[in-house]
Amino acid sequence: MNEEEPNTGQRVRRRASRNAGPTGADTGAASTVVPSSAQERVDLVKSEQSVTAAHTATETSPKIPEVLEVPKTSANSESSAPTAKRPTSRKLIGGIVLASIVALAFAVVSVLLLVDRSKASSADEERAAYIAGARTTALNLTTLHSETAGADLDKFLAGTTKEFQSQLDGRKDSFVDVLGQVGVQTDGEILEAGLEKIDGDCGTSLVAVRALQKNAEQPEPEERNYRLRITMCDTDGQLLASNVEFVP
């Protein structure tokens, strides 16, 4: 170790020295291979770059997920589930179809019953109308008074067709005169009436009538019974008598 002579009044400065060769801290650095030439240094750099790139590619490459194995029991359960449900589904579908058929049949029967009932009701109303018209015609025909013979006859003719009225053309006045001269008084009463037949828009009924009659020569009322066959026809929405017959 070299020492320098200090000047007067100054501190002595000493320089540290070390032995030749690497220390413990420099052992690692000393172990590093130092290329001796420029070509070797280039080769070394390329080698380090290749190693670094391979390491980076290995770290960044995506991992392939592991394939999970499906237990065999699940496949068996799935395949057996539809088989177990088929009978129930078929029964359910069959029940729905059967219920639909029953409901449809019930609806059809109900409609048919309503139609039949409507037709029956309409037919009953038609029969009742023919019978009522025949009763009114028979009552007007057998109810006449000498004092009101003209009005009574007009009342009867108002319920008849034009064809029937034509049978009295030219004889109405003479008929009224006869009734007035004889002094006829007749009051009818309907005993019974029933429909005989329906032919198109016409209905024929039989009517039983009892009439109390008297005149100038016979002041006491006398009972007479008649049976009339009266045909009523629908003429422009109105039932009118088209024919009147006395039945023995």
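The first residue in the sequence is number 1, and the count goes up from there.
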Asker: What's the separation between atom CD in Glu163 and atom CD in Gln165, rounded to the nearest 0.5 Å?
Answerer: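 Here the interatomic distance stands at 9.0 Å.
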
Asker: Does Val209 share a hydrophobic cluster with Val247, counting links as ILVMFWY side-chain heavy atoms below 4.5 Å and allowing steps through other members?
Answerer: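 Different clusters.
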
Asker: List the steps, then state whether side chain to side chain contact (heavy atoms under 4.5 Å, CB included) holds for Val184 with Val178.
Answerer: CA-CA 9 Å; Val184 174; Val178 170; over 6 Å; no

Asker: Please report the interatomic distance OG1(Thr204) to CD1(Ile131), rounded to the nearest 0.5 Å.
Answerer: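 Thr204 atom OG1 to Ile131 atom CD1 measures 11.5 Å (nearest 0.5 Å).
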
Asker: For Gln185 and Ser146, which heavy atoms make the closest approach, and how far apart are they?
Answerer: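 Shortest heavy-atom contact: NE2-OG, 3.0 Å.
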
Asker: Run Gln213 and Asn215 through side-chain hydrogen bond (donor to acceptor under 3.5 Å, both in side chains) and show every step you take.
Answerer: CA-CA 7 Å; Gln213 297 177 347; Asn215 52 46; over 6 Å; no

Asker: Report the distance from atom NZ of Lys172 to atom CD of Gln167, rounding to the nearest 0.5 Å.
Answerer: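 The distance works out to 15.0 Å.
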
Asker: Determine, stepwise, if the pair Ser242 / Thr161 fulfils side chain to side chain contact (heavy atoms under 4.5 Å, CB included).
Answerer: CA-CA 5 Å; Ser242 60; Thr161 62; 4.1 Å; yes

Asker: Specify the closest pair of heavy atoms between Thr137 and Gly159, including all atoms of both residues, with the distance to one decimal.
Answerer: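 In terms of heavy atoms, the two residues are closest at OG1-O, 4.4 Å.
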
Asker: Roughly how far, to the nearest 0.5 Å, is the CZ atom of Arg227 from the CD atom of Glu245?
Answerer: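 One gets 12.0 Å once the value is rounded to the nearest 0.5 Å.
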
Asker: If you round to the nearest 0.5 Å, how far is CG of Leu157 from CG of Leu141?
Answerer: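 So the CG of Leu141 and the CG of Leu157 are separated by 9.5 Å.
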
Asker: Mind listing the closest non-hydrogen atom pair of Thr231 and Cys202 along with its distance?
Answerer: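 Closest approach of Thr231 to Cys202: CG2-CB, 4.1 Å.
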
Asker: Are any non-hydrogen side-chain atoms of Asp201 and Cys233 less than 4.5 angstrom apart?
Answerer: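 A side-chain contact under 4.5 Å is absent here.
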
Asker: If you compare all heavy atoms of Ala216 against all heavy atoms of Pro219, which two are closest, and at what distance to 0.1 Å?
Answerer: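 So the two residues come closest at O-CD, 4.4 Å.
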
Asker: With side chains defined as the heavy atoms from C-beta onward, is the minimum distance between Leu144 and Leu179 less than 4.5 Å?
Answerer: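 Of all side-chain heavy-atom pairs linking Leu179 with Leu144, at least one is under 4.5 Å.
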
Asker: Look at atom CD of Glu223 and say whether more than 12 heavy atoms of other residues, nucleotides or ligands are closer to it than 6.0 Å.
Answerer: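 Above 12, so yes.
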
Asker: Is the number of heavy atoms from other residues, nucleotides or ligands under 6.0 Å of Glu222 CD greater than 12?
Answerer: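 Yes, enclosed.
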
Asker: Looking at Asn140, is its backbone amide N or carbonyl O close enough to the side chain of Thr143 to form a donor-acceptor pair, meaning the two atoms are under 3.5 Å apart?
Answerer: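 No; judged by distance alone, with no hydrogens or angles, the pair does not exist.
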
Asker: Does Glu220 come within less than 4.0 Å of Lys214, counting only side-chain N to carboxylate O?
Answerer: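 So Glu220 does not pair with Lys214 through a salt bridge.
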
Asker: Mind checking whether Ile198 and Leu240 sit in one hydrophobic cluster, side chains of I, L, V, M, F, W, Y counted as touching below 4.5 Å?
Answerer: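 No: no chain of side-chain contacts under 4.5 Å links Ile198 to Leu240.
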
Asker: Counting only heavy atoms not in Asp199, do more than 12 sit closer than 6.0 Å to its CG atom?
Answerer: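 Incorrect, the count does not exceed 12.
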
Asker: Looking only at non-hydrogen atoms, find the nearest pair between Ala134 and Ile230 and report the distance.
Answerer: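 Where Ala134 meets Ile230 most closely, the heavy atoms are O-CD1, 3.3 Å.
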
Asker: I'd like to check Ile190 versus Val207 (side-chain heavy atoms, cut-off strictly below 4.5 Å). Are they in contact?
Answerer: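 Result yes, sub-4.5 Å side-chain heavy-atom pair found.
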
Asker: Answer yes when Glu125 and Arg127 have at least one side-chain N-carboxylate O distance shorter than 4.0 Å, and no when they do not.
Answerer: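 Result for this pair is no, no salt bridge flagged.
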
Asker: According to a hydrophobic-cluster definition based on side-chain heavy atoms being under 4.5 Å apart (Ile, Leu, Val, Met, Phe, Trp, Tyr only), do Leu239 and Leu206 belong together?
Answerer: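 Shared cluster, no.
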
Asker: Kindly say whether Leu212 contributes a backbone atom to a donor-acceptor pair with the side chain of Asp187 at under 3.5 angstrom?
Answerer: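 Side chain of Asp187 to backbone of Leu212: no pair is present.
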
Asker: Got Phe164 and Val244 here, is their nearest side-chain heavy-atom distance under 4.5 Å?
Answerer: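 Yes - at least one pair of side-chain heavy atoms lies under 4.5 Å apart.
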
Asker: Output the distance between atom CZ (Arg135) and atom OG (Ser205), rounded to the nearest 0.5 Å.
Answerer: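 Between atom CZ of Arg135 and atom OG of Ser205 there are 10.0 Å.
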
Asker: I need the minimum non-hydrogen distance between Leu139 and Gly188, along with the two atoms involved.
Answerer: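 Looking at all heavy atoms of both residues, the closest pair is CD1-O, 3.2 Å.
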
Asker: Taking side chain as C-beta onward, heavy atoms only, is Leu153 less than 4.5 Å from Phe175?
Answerer: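 Touching, per the 4.5 Å side-chain cut-off.
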
